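Report on the following structure.
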Protein chains: 2
Amino acid sequence: MYSNKDKAKEMKDLGCFSEVKQCPTRYVLAVNDTLNVISGKWKLSIIASLIHGKKRFKELERSIEGITPRMLSKELKELEINGVVKRLVHNTRPVLIEYELTESGYRLTDVIDAMIQWGLAHRQAYMSE
Amino acid sequence: MYSNKDKAKEMKDLGCFSEVKQCPTRYVLAVNDTLNVISGKWKLSIIASLIHGKKRFKELERSIEGITPRMLSKELKELEINGVVKRLVHNTRPVLIEYELTESGYRLTDVIDAMIQWGLAHRQAYMSE
DNA sequence: AATATCGATATACAAATGTATAGCAACAAA
DNA sequence: TTTGTTGCTATACATTTGTATATCGATATT
């Protein structure tokens, strides 16, 4: 399937991950940051739900099937702390609260797209074994 | 920082994630596959350690600081089941066992590179708030 | 014959993560 | 005035994930 020579050849063309030995800590920290941000049962669902625009708490709760308010609250808080989601408190009566992706949050689509691509290719490879 | 118009404009240029409403299940499954494969405290360390070639159990154990044989065994098993790692049993006396990334496993570098890029950019954005 | 290495597994426990269910203060609508 | 919505929080529990430590059979080394 794959010779060791092919692998060695390919390594040269890979991105920065292959250089992990040259510049470890910065990259390892970066990967872990990303993994921490998207790990959690509901994180990606929340991000996906906010991709198309601001949403209120109850809107999110309704749009994400099966989530409990406790988990929604908890995950939103983590996403906010991690700088992926912004919590907007409107100065109205009663107060209206909206959640929105930050610029960084939007950029996560790059990671998610890579994950989709890998996932699709892997399913094919995996199934046709 | 970001207007809604800018966002709308950008959405058109995004990858498939932005089309999640058009083709949900396939993509959602693909993302979850990927997340499941890389989630776990030691998975990425193991993959990183195997990127430069085959390794034996004890070699991995030594190269990954802090891992216990139990976790190494468990995570390797999961990676194997998920088609990311191959377990090679050599027909020698005594048996020599090596672990190696599959083709899919190697391709994970695309995802990991995206994670590194996002992580680095996010650190910058996050710090300079 | 005693000791070490390989490739793990067994048992017990601790911590993190997620679920289920109920409730609550502030307002608004009927 | 009762009923409903919003945006949560509290409590209790179950499940998953990870740690610590010891051990084991097969083989090699001294």
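Worth saying up front: this structure is predicted, and the values here are computed from it rather than measured.
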Task: Stepwise salt bridge (charged side-chain N to carboxylate O under 4.0 Å, His left out) check, A:E61 with A:K58 - done: CA-CA 5 Å; A:E61 196 180 335; A:K58 284 288 174 184; 3.4 Å; yes
Open item on the list: Could you tell me if the side chain of A:L72 sits less than 4.5 Å from the side chain of A:W42, heavy atoms only?
Closed with: no
Task: Distance, rounded to the nearest Å, where B:I46 contributes CD1 and C:dA8 contributes C1' - done: 14 Å
Task: pair A:E78-A:E75: side-chain heavy atoms closer than 4.5 Å - done: yes
Task: Whole angstrom value for the distance that separates C1' of C:dT5 from CD of B:E59 - done: 13 Å
TODO: Starting from P on D:dT27, measure out to CD1 on B:I97 and report it in whole angstrom.
DONE: 12 Å
Task: Check: A:E100 and A:L88 side chains under 4.5 Å, non-hydrogen atoms - done: yes
Task: Atom pair distance, as rounded to whole Å: CG in B:L96 and C1' in C:dC6 - done: 10 Å
- [ ] Tell me whether the OP1 or OP2 atom of C:dC6 has a side-chain N or O from B:Y99 closer than 4.0 Å.
- [x] no
Open item on the list: Are B:T34 and A:H122 packed together at the side-chain level, in the sense that at least one heavy-atom pair is separated by less than 4.5 angstrom?
Closed with: no
TODO: State which of C:dA8, D:dG7, C:dT9 makes the closest approach to the side chain of B:K77.
DONE: C:dT9
Open item on the list: Could you check whether any side-chain heavy atom of B:L60 comes within less than 4.5 Å of a side-chain heavy atom of B:L50, counting everything from C-beta outward?
Closed with: yes
Open item on the list: Can you pull out the residues from residues 69-76 of chain A that lie within a 4.0 Å heavy-atom distance of DNA chain D?
Closed with: A:P69, A:R70, A:S73
Distances under 3.5 Å between protein N/O atoms and the N/O atoms of nucleotides 26-28 of chain C, please, pair by pair.
from: C:dC27; atom 1: OP1; to: A:R93; atom 2: NH1; distance (Å): 2.9

TODO: Can you pull out how bent the helix from C:dA1-D:dT30 to C:dA30-D:dT1 is, comparing the axes over its first five and last five pairs, to 10°?
DONE: 10°
Open item on the list: Counting the atoms with a prime plus P, OP1 and OP2 as sugar-phosphate, which does B:K58 contact under 4.0 Å by heavy atoms, base, sugar-phosphate, or nothing?
Closed with: base
Open item on the list: Without decimals, in angstroms, what is the distance between A:K43 NZ and C:dA16 C1'?
Closed with: 12 Å
Open item on the list: Measuring to OP1 and OP2 of C:dG7, would you say a side-chain N or O of B:R56 lies under 4.0 angstrom away?
Closed with: yes
TODO: Please determine if a side-chain N or O atom of B:K41 lies less than 4.0 Å away from the OP1 or OP2 oxygen of D:dT19.
DONE: yes
Open item on the list: Any non-hydrogen side-chain atom of A:V85 less than 4.5 Å from a side-chain atom of A:L101?
Closed with: yes
Task: Closest non-hydrogen atom pair, A:N36 against A:K43 - done: O-NZ, 4.3 Å
TODO: Please examine the side chains of B:R87 and B:L76, heavy atoms only from C-beta on, and report whether any two atoms are closer than 4.5 Å.
DONE: no
TODO: Taking all heavy atoms of B:M115 and all of A:L35, pick out the closest pair and write down the distance.
DONE: CE-N, 3.7 Å
TODO: Side-chain contact test, heavy atoms from C-beta onward, threshold under 4.5 Å: evaluate it for B:V37 versus B:V111 and give yes or no.
DONE: no
Open item on the list: Please confirm whether the shortest side-chain N or O distance from A:R62 to OP1 or OP2 of D:dT6 is below 4.0 Å.
Closed with: yes
TODO: Using whole Å, report how far CZ of B:R87 lies from C1' of C:dC6.
DONE: 12 Å
- [ ] Report yes or no: does A:W118 contribute a side-chain atom to a donor-acceptor pair with the main-chain N or O of B:T109 at less than 3.5 Å?
- [x] no
Task: Atom-pair distance (CD1 on A:I67; P on C:dT17), nearest Å - done: 15 Å
TODO: Write down the distance between CD (A:E61) and P (D:dG4), rounded to a whole number of angstrom.
DONE: 17 Å
